[in-house]
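Counting begins at 1 with the first residue of the sequence. When a ligand or atom number is given, it counts from 1 through the structure's own listing order.
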Amino acid sequence: MTPKIFVTRPLPQPVMDLLKSNAEVRFNPEDAPMPVDKLAESCHDVDGLLVVSNAVTNELLGRATRLKVVSTPSVGYDNIDVAACTRRRIAVTNTTGVLEETTADLVFATLLATARRLVEADRFVREGRWKHWQFDLLYGVNVYQKTLGLIGFGNIGQAVARRARGFAMRILYSTRHRAPEPVERALEATYVDRETLLRESDFVSLHVPLTPETRHLIQAKDFSRMKPTAFLINTARGPVVDEESLVAALKAKQIAGAGLDVFENEPRIHPELLSMDNVVLIPHLGSATAETRLNMAMLAAQNLTEALAGRRPPNLINPEVYS
Ligand code: 8YV
């Protein structure tokens, strides 16, 4: 019998074509999160779900009784209750391997924009405030030869480290599992504990997934350890940072600024962040290039069709379902 698939967003045509050549496909025509009930209704008779950002809860799974695979075109899968999927023997897949370099580009763009006040400078020009060249206009800080602290050192953290070497930065990292020695050597990255990293870094960049353990990983006591000249860069997940404490730290000048691509309650932004010039705000664009989004969607579709064909999908998160 032809399997049925539901897709929660319109995806590029080649991706839809691939899905349609393998299954009966229905999709949400709007590029926006779906109301929970509408999603549950759409999933009640499907074998595969390709989900973008909507939560896949135990309750939803309870209503999608034929489901065999949930595929997300993202590296993060904090929106999916993986344990509940595993209990129901539903495969879960992500798109590790196609978006790390693109995301690392955005990390560096954010870091540079924050350090060199590019967004503020752009506003300054557009508002007609630029009257003449000025010696001390919009001073930023050097990135070159500064210390970069990476919290989390997976594929994206390491891709950021590769870029940082081009800026002759000193690279510190802290992570649960220390990287193999050849990786450390190749990237000239030094493993330190988190306190040392916070104390010594000029830029602290977050690269951990959102899990119960990393929720509010960065909170008030961490900001008090950072240099008053340091910047926080968060392109991972908003709730990794206690946003209320971040705002307090920025107001108290405990840190110099922040570059944020993700937010605790996105798309809602803490109102005080909106009025701070030393904060760069980005609407979750980490992997947002046409090439990479196509690759992500295509890989998510391949994961889905492989699983529905009874084969182990390439980016399987819960291998237990195949044991
Ligand atoms: C996704 C992301 O595009 O990969 C991730 O984890 O944050 C983004 O690249 C976004 O989560 C939508 O799925």
For this session: Indicate yes or no: at least one non-hydrogen side-chain atom of R215 is less than 4.5 angstrom from one of D242.
Result: no
Problem set entry | Donor + acceptor pair across side chains of E100, H207 (<3.5 Å) | no
Exercise. Tell me, do V204 and R225 make a side-chain contact under 4.5 Å, heavy atoms counted?
Worked result: no
Exercise. With a 4.5 Å heavy-atom cut-off, do F231 and D202 have their side chains touching?
Worked result: no
Need the list: ligand 1 N/O atoms against protein N/O atoms, distance under 3.5 Å, rounded to one decimal.
from	atom 1	to	atom 2	distance (Å)
ligand 1	3 (O)	S287	OG	3.4
ligand 1	3 (O)	R293	NH2	3.4
ligand 1	4 (O)	V75	N	2.7
ligand 1	6 (O)	V75	N	3.4
ligand 1	6 (O)	G76	N	2.8
ligand 1	6 (O)	R237	NH2	2.7
ligand 1	7 (O)	R237	NH1	2.8
ligand 1	7 (O)	R237	NH2	3.3
ligand 1	7 (O)	H284	NE2	2.7
ligand 1	9 (O)	S287	OG	2.5

Problem set entry | Side chain N234, main chain L260, donor-acceptor under 3.5 Å | no
Exercise. Between CG of L148 and OH of Y173, what distance do you get to the nearest 0.5 Å?
Worked result: 13.5 Å
